[in-house]
Each structure stands twice: as C-alpha cells, then as structure tokens.
Amino acid sequence: MRSSNRFDLKSTFGLQGSGKPEPLLDPFVSVSGVRFCPEVLLPAFALGLSSGCEMVRCLGIGLLMLFSTILPFSRGAFVGFNIGTQVSNLPAASDIVSILKANQISHVRLYDADAHMLKALSNSGIDIVVGVTNEEVLGIGQSPSTAASWVNKNVVPYLPAANITAIAVGSEVLTTIPNAAPILVPAMNNLHKALVASNLNFQVKVSTPQSMDIIPKPFPPSTATFNSSLNSTVYQMLQFLKNTNAPFMLNAYPYYGYTQGNGIYPIDYALFRPLAPVKQIVDPNTLSRYNSMFEAMVDAAYYSIESMNFSGIPVTITETGWPWFGGETELDATVENAETFNNNLISRVLNGSGPPSQVNVPMNTYIYELFNEDERPGPVSEKNWGVIFTNGTAVYPLSSIGASLVAVNSSGQFCIAKPGSDADKLQAGLNWACGQGQVNCAAIQSGQPCYTPNTLENHASYAYNDYYQRMHSAGGTCDFQGTATITTSDPSYGTCVFTGSSNATMNSTVPSTANSPTSPQSGCPASTSTPCLRILSLCATLLGFLPLLRRLF
C-alpha cells in the first residue's frame, strides 16, 4: 500500500498512538523531503518563542537545510569506490590518495575510520564515508558516551579539511550478526546525537549498509518487502533515516543474483547488456521494464521501503561490482565480465536517473572495490574484486568517471617483445596473452590506434605489456618463452597509449557510449563552454555562502 503524503502533526512532532510525546531525533520536521524547524511551520506564539530572534534563527537554519537538500541533487549522480583493508601490501595512505586523484575519483567509502587515510584525504576534495566496524556497534549502541567518544576521535578532528559526509554503521549487520539487531538503531541514534552536540549533523549523515538478503523475494520489485522477522528494527531504522534526512544504504550484487539464480536470468541482464524483445524483464504488476538486474534490485528496495509506509528516503548503493578472477567453478568471474559490468554500471549511474519507480532520484553508487583484498577468506573470487592493483596499475580499463581510469605505472617499467625473437614463439605469446591471459586486445585490431605498424612485434609488445602491467603485482612475469624484455622507455606512440603510460588519460579504449567533446579545463561541452562556466561560477558563489551560514547559526 502506498504511503500517504498528507502532513500529519501527530507523526511529525513525535506523537504516537498513546498521545504521549516522543523525543525527536533532531529539532526539524520534514515536508516533501525538505526539513524545517517547527517554528517555521507554526505561529511563533503557539510555540512560546521568547523573541522574534528565535524565529529568524530558525528560518536561517531552515534555509540552510533547503540548500543542503537541493545542492546534492544539483551536483548529479556519482560513482565512488570502496577501499577495503584485508590487503597484504596495501599502499601508503598518501599513495592511495594519489591514485584516487589520478583517476578523478571523487567519493570513497572506508570500512573503518583509519587516521592515516583521513589525514591523507584532508584537503583532497574527496567525499568520504567512514565506517563503524561490526565489532564497535555493540558498545556504541549501549553507551551514548562511547558514541560521543567515537565521533570526537574519528570525525571531529578531521573536519572541515576531510570532507566526511556520512558514517556507515556496521556492514550488513541485520544479516551477518542478527543478534545485534536490537542495538543497531540505538547505535545510529547515539552517533547522531553526538554529531548534533558538535553541530555536525547537517554535514555528516548516519546510516547502515544492508544486504539484499533482507529482501527475501526482490522480484517482481513491486511486491518486494523486507524480511518480516526484522520488521521492528527496519521500521525504527527507516523512521531514523526519514527524520534525519539520511539515505538507505544497500549492498546490491547482480553477480550473486545471476550466479545463484539457477539460470533464471540471462547473463546479459546482469551485465546491463540489451535483451532481445522476447527476453525483456517486466514487472507484471506495474508493467515497468527493467533493463538490468541492478535497477530491479534498487527498485525492490524502494518498494520494500514503501511497503512500510515510508517515502522520500533515497537509496544509496554502498557496494556493487563483479569479480575479475575466480576458481575452477567460478566461470563467470572473468576480466571481460567485470569490465563490462563496471563500465556499463558507471554509464548507467552517471546518466542521473533512477529505477522505474523513482526515475528522478539518482542511484549514487560505490563500486566494490578499489584494490583486491587478497587476505579475504572464502573462494578465489572473494580476493579479486579490485579494479586497480596495489602498484597502481589498472586491472582493466574503466571509463567515464570524469576521465578514463588511469593506469599508474609507479615502477616506470614496460614489457615489450624482444627484438629478433622467433616469429612462431611471438605468435604463440600473442595468442596466449589475448586468450588465456585475458588481455584486452581491441587496441591492436584493424582501425584501432595501436594496429599500425601492422607487425607481429608491435602487436605482441602491446599485449605483453598490458598483461604485465595488470598481473605483475599478482606474480605475472615479462618472459613469454624468452620473447619479452623489460624496458624503461615508454613504448607509446601517436594515439597508441600503452597500459601504464604516464599519458594513460589518452587510453584508446572506446567507451560504450559516445561523449560530447569537452573543454579540458571545465569539463563542460565545448560548444557551450562559456554559459556552462557561468553556471559553474554561480554555483560556486552559492556554495561559498554555506560555510558562512554554518558559522552564523
């Protein structure tokens, strides 16, 4: 049943069925998704305001909240990355930030609140979600003072230099440690109150990432509901998110939906590939067509939220992705599938629209993950979700995150074909690299940037180097039966850019959709760069007032 949009004084001001007032999580009410002070909505004398100054103060805060509600949508959708910690040779925090900047990654999610990372991210302009670990949830939920200490240690010292925008409380708590369910919302509430005490509750939101497993039957989306055994906790959680204007955080993995789906869905549906007309996925109740499993999963979350009579809570996808390597039985964990999924995901998210039921709400998403977590237990695929090796080279090309994903070659070494090598061995090495070695050899096909000169040595050099740059940190070598050698000279030429080149922003991989020419300084379409820059200037001016407003109020 759809929730009502009527303005209800009882629910808005915390009056339950008993008629007894319940304390609100913060002193604001929400109308059509925008939160205001009660004083703005009701006459001052009815609330017993002592002076008109209190009304002015509340109006000012109301306007600030209006700006904070509108501006994130005006910035458009974003794609960020998760940074895991179970990595044996994790780069230094400063090196990680360099990789993020080189690839124009503007949003990251941390699974903890590592001090080195937060210091390195300071003044980077990168938005940060910090994490409360599952082990910390119990203590924070039981003790407001523990929550306050956590905020004062892990959030307050780093602002405003580090742009912390949210706290993710635990990871899939309701499905991984269900016994902790009763303490989850108290933990969120305690953290929020600590943020209020530090006047940070406008900037830093509190939410908790949950698995798709809390929605037992996600298809068709229109009939999706949360696991009924969790109804009490989920209701409290949604009430908290609504009251504090925070998003519902969802971990949605089409990879598992497909591999555990017993062949019900075609792999093209999981990879955002077009489906034949006779294979279209349609919700029989709404007749909405779903072009990808990802969209259906997100819509299932929206309908589940609606089934509990809540609306206006945006869904942020805190984890999704596809493993690029797996064990003998994990046949769908391949470089090709991972590259296809993540590139199509990025294109879909950055078009700014939501799923069929919430077309106007962006599907902001964090890809799992930046680096392979080689210390994770479980099957081989669990260790191979990363898009960048720890030496800074790209596992596979990703496009459209501001610019193409840059393969940073920190060693300055390249692997090329050894001059004078036996032609048969060169051909065998090239065949292996483009086949079993899972190299993307599109760039050396006819008509592509690295096709000419059309020689076996040139093509083998490109393929050898691509393999070496991707696999060196995982034990890959530059040998190929003695037909390869290491060089420190960048073999790139003209528009042919070798993987790991300092000019990798010119990566020759053709994006899935054509983009308009852009102005390199502004990112605006070249044909309209002047008006675009004027709009950006105006937005920058408006944004400049926000710190002043925060200081005033």
Side-chain angles (χ1 to χ4, degrees), residues 78-111 114 116-117 120-121 124 126 128 255 319-326 333-343 345-346 365-376 381-415 437-440 465-476 497-507 509 511:
F78 67 78
V79 174
F81 282 85
N82 289 276
I83 303 178
T85 58
Q86 293 180 280
V87 184
S88 60
N89 57 339
L90 190 68
S94 58
D95 292 336
I96 294 175
V97 174
S98 296
I99 291 172
L100 296 173
K101 288 182 175 180
N103 293 293
Q104 298 186 28
I105 295 171
S106 60
H107 294 73
V108 296
R109 174 190 170 210
L110 309 179
Y111 286 89
D114 181 75
H116 298 292
M117 278 301 303
L121 285 164
S124 67
I126 296 172
I128 310 159
Y255 171 75
E319 288 182 20
T320 193
W322 198 283
W324 61 271
F325 187 72
T334 67
V335 169
E336 180 184 1
N337 285 345
E339 181 179 347
T340 298
F341 177 85
N342 280 325
N343 274 304
L345 167 75
I346 292 167
T365 298
Y366 294 84
I367 291 175
Y368 183 87
E369 57 188 329
L370 191 66
F371 302 117
N372 295 317
E373 291 187 273
D374 59 322
E375 294 183 341
R376 284 186 65 84
S381 62
E382 276 297 305
K383 310 173 192 296
N384 293 287
W385 291 76
V387 301
I388 298 178
F389 292 113
T390 52
N391 66 356
T393 61
V395 177
Y396 47 82
L398 283 183
S399 60
S400 300
I401 313 179
S404 297
L405 188 64
V406 180
V408 181
N409 184 352
S410 57
S411 68
Q413 295 182 335
F414 299 87
C415 178
Q438 298 186 337
V439 167
N440 183 351
N465 180 70
D466 186 82
Y467 172 83
Y468 178 75
Q469 298 295 343
R470 289 188 299 102
M471 300 302 296
H472 178 57
S473 65
V497 181
F498 275 51
T499 306
S501 168
S502 60
N503 296 318
T505 52
M506 298 163 54
N507 196 294
T509 300

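Keep in mind that this is a model prediction, so the values were computed, not measured.
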Under 4.5 Å between any side-chain heavy atoms of [X] and [Y], yes or no?
X	Y	answer
Val108	Leu370	no
Asn384	Val395	no
His107	Tyr366	yes
Tyr368	Tyr255	no
Phe371	Ile99	yes
Leu345	Val79	no
Thr340	Trp322	no
Tyr468	Gln413	yes

**Asked** Can you check whether Phe414's main-chain N or O pairs, donor with acceptor, with Asn465's side chain at less than 3.5 Å?
**Response** no
**Prompt:** For Tyr111, does its backbone N or O pair with a side-chain atom of Asn82 as donor and acceptor, under 3.5 Å?
**Reply:**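 The answer is no, because no donor-acceptor pair under 3.5 Å joins these two groups.
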**Listed partners of Phe325 passing ring pair (Phe, Tyr, Trp, His ring centres under 6.0 Å), at least two apart** = none
**Qualifying salt bridge (Lys or Arg N to Asp or Glu O under 4.0 Å) pairs with a residue from residues 83-98, counting only residues at least two apart or across chains** = none
**Asked** Glu369: what forms a salt bridge (Lys or Arg N to Asp or Glu O under 4.0 Å) with it, not counting sequence neighbours?
**Response** none
**Complete:** For Glu375, the salt bridge (Lys or Arg N to Asp or Glu O under 4.0 Å) test, sequence neighbours excluded, returns none
**Request:** Write down the atom of Ser381, the atom of Pro323, and the distance for their closest heavy-atom approach.
**Result:** O-CB, 3.8 Å
**Request:** Heavy atoms only: give me the nearest Glu373-Thr85 pair and the separation to one decimal.
**Result:**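 For Glu373 and Thr85, the tightest heavy-atom pair comes out as OE2-N, 3.0 Å.
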**Complete:** Separation between CG (Leu121) and NE2 (His116), nearest 0.5 Å, reads 13.0 Å
**Asked** Who pairs with Ser94 by side-chain contact (heavy atoms from CB on, under 4.5 Å), at least two apart in sequence or on another chain?
**Response** Ala92
**Asp114: side chain to side chain donor-acceptor pair (under 3.5 Å) partners, not counting sequence neighbours** =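 Here no residue qualifies.
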**Item:** Trace of the side chain to side chain contact (heavy atoms under 4.5 Å, CB included) decision for Asn103 with Leu398
**Value:** CA-CA 10 Å; Asn103 293 293; Leu398 283 183; over 6 Å; no
**Asked** Between Thr499 and Thr393, is a side chain to side chain contact (heavy atoms under 4.5 Å, CB included) present by the stated rule, with each step listed?
**Response** CA-CA 8 Å; Thr499 306; Thr393 61; 5.6 Å; no
